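Report on one structure; see the data block that follows.
Because the structure is predicted, anything quoted here is derived from the model rather than measured. Every chain is numbered from 1, with letters handed out A, B, ... down the list of sequences. Heavy atoms only: backbone and side chains are in, while hydrogens, waters and symmetry mates are out.
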Number of protein chains: 4
Amino acid sequence: MEGLTKSEIKRNALVQATIHLVNNNGFHATPMSKIAKMAGVSPGTIYLYFENKQDLINKVYLEVKVAFTNYAFQNYDEKMSVKRGFEVIWKQIADFKLKEVEEARFLSQCDNTPMIDEESRNEGIKHLQPLLDLWDRGQKEGIIKKGSHYLLYAYTIYPLAFLMNAQCKNEIKITQEQIQNAYVMAWDSIKK
Amino acid sequence: MEGLTKSEIKRNALVQATIHLVNNNGFHATPMSKIAKMAGVSPGTIYLYFENKQDLINKVYLEVKVAFTNYAFQNYDEKMSVKRGFEVIWKQIADFKLKEVEEARFLSQCDNTPMIDEESRNEGIKHLQPLLDLWDRGQKEGIIKKGSHYLLYAYTIYPLAFLMNAQCKNEIKITQEQIQNAYVMAWDSIKK
Amino acid sequence: MEGLTKSEIKRNALVQATIHLVNNNGFHATPMSKIAKMAGVSPGTIYLYFENKQDLINKVYLEVKVAFTNYAFQNYDEKMSVKRGFEVIWKQIADFKLKEVEEARFLSQCDNTPMIDEESRNEGIKHLQPLLDLWDRGQKEGIIKKGSHYLLYAYTIYPLAFLMNAQCKNEIKITQEQIQNAYVMAWDSIKK
Amino acid sequence: MEGLTKSEIKRNALVQATIHLVNNNGFHATPMSKIAKMAGVSPGTIYLYFENKQDLINKVYLEVKVAFTNYAFQNYDEKMSVKRGFEVIWKQIADFKLKEVEEARFLSQCDNTPMIDEESRNEGIKHLQPLLDLWDRGQKEGIIKKGSHYLLYAYTIYPLAFLMNAQCKNEIKITQEQIQNAYVMAWDSIKK
DNA sequence: GATGAATGAGACTTCATTCAT
DNA sequence: TATGAATGAAGTCTCATTCAT
């Protein structure tokens with residue numbers, strides 16, 4: 001984190017403030033003035049870094065998405081077996097969602113509401129490609145059930161969003177044991 | 001549906017307008033004036049039926065939730081076997097989500113954003129009780145995996161929201177065959 | 001003026017306030033809030049009567065333009081001789097500019113700056129047609145010099161704007177005698 | 001033009017940028033930042049040469065006014081006859097307005113809106129003195145009609161602004177023949 | 001009950017000006 | 001001299017809510 005210019009520090013503060021406030025209040029209930037205040041800058045300063053509110057949200061979304069997929073695929077290798085590869089990716093995604101809660105909740109909200117531009121959303125989807133490729137391979141090998149990527153995603157990755165949200169609301173506490181249970185459920189749902 | 005008083009007709013129109021507009025624009029991007037216009041009443045009239053915007057949303061949420069659970073449990077009987085009971089409930093939920101798209105999307109948006117009061121949300125959760133009871137029974141009988149209700153919900157019901165949203169965005173078309181596939185995946189994920 | 005509804009009274013107040021403030025400060029230095037205050041309404045009320053600031057200016061422009069041309073041509077008859085007709089119109093225009101100073105200054109400012117939409121400006125120009133027709137007749141009869149309508153306008157009507165502005169700044173006081181002098185100059189400049 | 005210091009070059013660039021932008025957008029719709037960008041300097045730099053925006057406009061106005069009058073009176077000699085002197089000055093003014101369109105439009109806008117300080121405007125008026133003196137002489141000699149300088153100006157010089165503006169908007173194309181026609185009209189309007 | 005004109009707080013955004021470098 | 005990031009007051013406009021009719 002060292003070596004950041006003042007500009008980078010300010011921009012980071014704006015990004016973090018946006019994530020935090022949108023998580024707690026939603027997009028439209030988060031005024032630019034509050035974002036500025038939380039970031040410790042003047043309202044006008046936001047417009048030095050972002051064109052407008054929509055641009056701010058889009059850019060934050062894409063940056064968080066990149067961080068997310070970088071984390072998700074960090075120790076994954078295409079030469080791994082399908083089962084092993086899936087486990088690695090799934091657990092890293094779970095890890096991200098439980099450790100980087102703010103970022104993960106932000107992505108979840110973006111993906112479940114009409115607050116992101118069509119264009120930015122499409123850009124964000126591309127990043128999952130390695131997982132989709134893995135599933136294709138698994139289906140070819142007869143290890144994974146037939147079905148669209150959407151179906152596989154809905155039953156393996158998407159449930160994590162629900163668990164994460166529940167934990168945020170202090171409705172549950174997710175332990176390592178539960179993670180393991182969830183992983184088994186994810187795998188059971190798609191394995192042949 | 002006959003025999004509704006004028007008041008009931010107006011209130012219904014307001015509820016439907018709210019659902020439709022919030023679905024397409026989100027809570028904060030839906031002005032009361034637009035709701036009134038779509039319902040064919042004056043803005044002031046809304047306040048005869050609801051205290052304010054938040055109250056309107058909360059009430060609509062609860063009413064849709066009730067309609068949803070009524071539909072979900074309509075042909076369910078506690079004397080059914082766990083597997084059969086689960087299938088009946090799951091398929092009725094899937095049916096609701098694909099047939100009553102507007103209502104289902106509305107619930108999904110409410111459950112994934114901070115637009116509903118804590119209190120109303122808690123109220124809405126209670127309605128699922130028969131399904132939770134069924135799961136308890138299944139776990140006691142050793143048919144269903146151990147794990148919290150949240151976990152079971154995340155892997156059986158929650159994925160439907162994702163599929164429904166994808167269909168709304170015209171990303172996929174959900175056929176009866178895919179419903180059956182999804183059901184199998186849901187059951188596989190929680191069965192022991 | 002009797003029989004105006006409350007709405008009409010309010011709208012009139014807004015129009016008058018706009019004219020007065022734009023005259024003294026210019027378009028961009030006249031905030032909507034000041035217009036509202038001078039009209040005795042809340043800022044939001046303006047938007048019940050006009051779409052936005054540009055629409056407000058355009059509409060005021062067109063309305064004043066209509067009042068102006070109505071005044072200009074009120075006692076004019078196409079059967080009058082060219083000389084007589086010109087005198088009638090010219091003097092009525094001069095009369096308007098000296099009596100309805102606020103309106104006249106407003107038109108002058110609109111016609112000399114880029115504050116009015118192309119479209120509204122074109123709409124406003126049409127209203128002078130009877131004068132242009134008169135000039136055409138005069139040229140056919142060999143009474144008026146050859147030359148475009150622009151040239152004739154520049155030397156007969158446009159000078160009045162200068163005199164009016166000078167009077168507004170208290171640089172001169174325009175007497176009936178001076179009006180007569182000005183009329184002679186106008187006629188001399190275009191007569192053959 | 002050679003031998004300008006860097007400072008003078010920058011200041012000139014600022015003046016030219018101001019003229020161009022104010023012509024096309026008006027005073028209040030021309031941000032200092034745009035002026036700086038067009039002049040190739042930093043916004044802060046403007047404040048090394050001018051006190052503030054109002055001062056910038058005032059100074060530009062006065063400088064353009066001086067250039068204008070220098071041009072207007074360049075070949076004029078007080079010993080010329082009234083008719084000849086008027087022709088020389090008028091045609092030089094017309095020449096300036098058609099050749100130095102940017103400068104001329106800028107003066108026109110300044111003279112027709114409340115964007116220039118009272119004081120600067122008064123300063124600018126003084127420069128026409130030789131023309132006013134010529135008119136006084138013409139009236140004494142009985143060649144020119146009685147009437148205030150304002151009246152004479154309104155009917156000889158002011159019309160040129162209208163023709164120039166119309167040409168800028170591509171409504172007319174001013175030929176040498178039309179200039180001659182306009183000159184005749186100007187002279188006819190004031191000659192006895 | 002019903003209306004809808006009116007309100008005014010507050011949202012997003014711009015821009016003249018400053019000041020540390 | 002020169003920069004340009006930063007400021008924050010002020011502008012346009014929206015919209016939840018009220019109240020006289």
D:Glu8 atom CD, neighbour heavy-atom count above 12 within 6.0 Å:
yes

Short side-chain to backbone donor-acceptor contact, C:Glu123 and C:Leu62, under 3.5 Å
no

Would you say D:Lys65's side chain and D:Lys126's backbone share a donor-acceptor pair under 3.5 angstrom?
no

On DNA chain F, more 5' by nearest nucleotide between C:Thr45 and D:Lys10 is D:Lys10

Taking the side chain from A:Thr30 and the backbone from A:Leu21, do they hold a donor-acceptor pair closer than 3.5 Å?
yes

Please determine, by modelled atom types, if D:Asn12 and D:Gln16 share a side-chain donor-acceptor pair under 3.5 angstrom.
no

Collect all protein-nucleotide pairs involving nucleotides 11-14 of chain E in which both atoms are nitrogen or oxygen and the distance is under 3.5 Å.
from, atom 1, to, atom 2, distance (Å)
E:dC12, OP1, A:Lys53, NZ, 2.6
E:dC12, OP2, A:Met32, N, 2.6
E:dT13, OP2, A:Tyr47, OH, 2.8
E:dT13, OP2, A:Lys53, N, 2.9
E:dT13, O5', A:Tyr47, OH, 3.4

Checking the side chain of B:Thr18 only, and the main-chain atoms of B:Leu14 only, is there a donor and an acceptor separated by less than 3.5 Å?
yes

Flag, side chain of C:Arg121 to backbone of C:Pro114, donor-acceptor distance under 3.5 Å
no

Value in whole Å for how far the P atom of E:dG1 lies from CD1 of B:Ile46:
14 Å

Suppose we screen for salt bridge (charged side-chain N to carboxylate O under 4.0 Å, His left out). Which residues come up paired with D:Lys59, at least two apart in sequence or across chains?
D:Asp55

Could you tell me whether C:Phe50 contacts a base, only the sugar-phosphate backbone, or nothing, with contacts defined as non-hydrogen atoms closer than 4.0 Å?
nothing

Donor-acceptor contact below 3.5 Å, side chain A:Lys169 vs main chain B:Glu118:
no

Can you name the nearest heavy-atom pair linking B:Met115 to B:Gln54, along with the distance?
O-NE2, 2.9 Å

Report the residue from C:Arg105, C:Glu102, C:Glu103 that forms a side chain to side chain donor-acceptor pair (under 3.5 Å) with C:Asn23.
C:Glu102

Atom CD of residue position C:Glu51 - does it have more than 12 heavy atoms of other residues, nucleotides or ligands inside 6.0 Å?
no

Residues which pass salt bridge (charged side-chain N to carboxylate O under 4.0 Å, His left out) with A:Asp117, listed by chain and number, not counting sequence neighbours:
none

Rounded to whole Å, CE of D:Met115 lies from P of E:dA16 at a distance of 13 Å

DNA chain F base-pair string [pairs: Watson-Crick or G-U under 3.5 Å; |: paired with another strand]:
.||||||||||||||||||||

Stretch residues 14-25 of chain A: residues that reach within less than 4.0 Å of DNA chain E through a heavy atom
none

Integer-rounded Å distance: E:dG1 P and B:Glu8 CD
11 Å

Going 5' to 3' along DNA chain F, which nucleotides are the first and last within contact of chain A (any atom under 4.0 Å from a heavy atom)?
F:dA5 to F:dG8

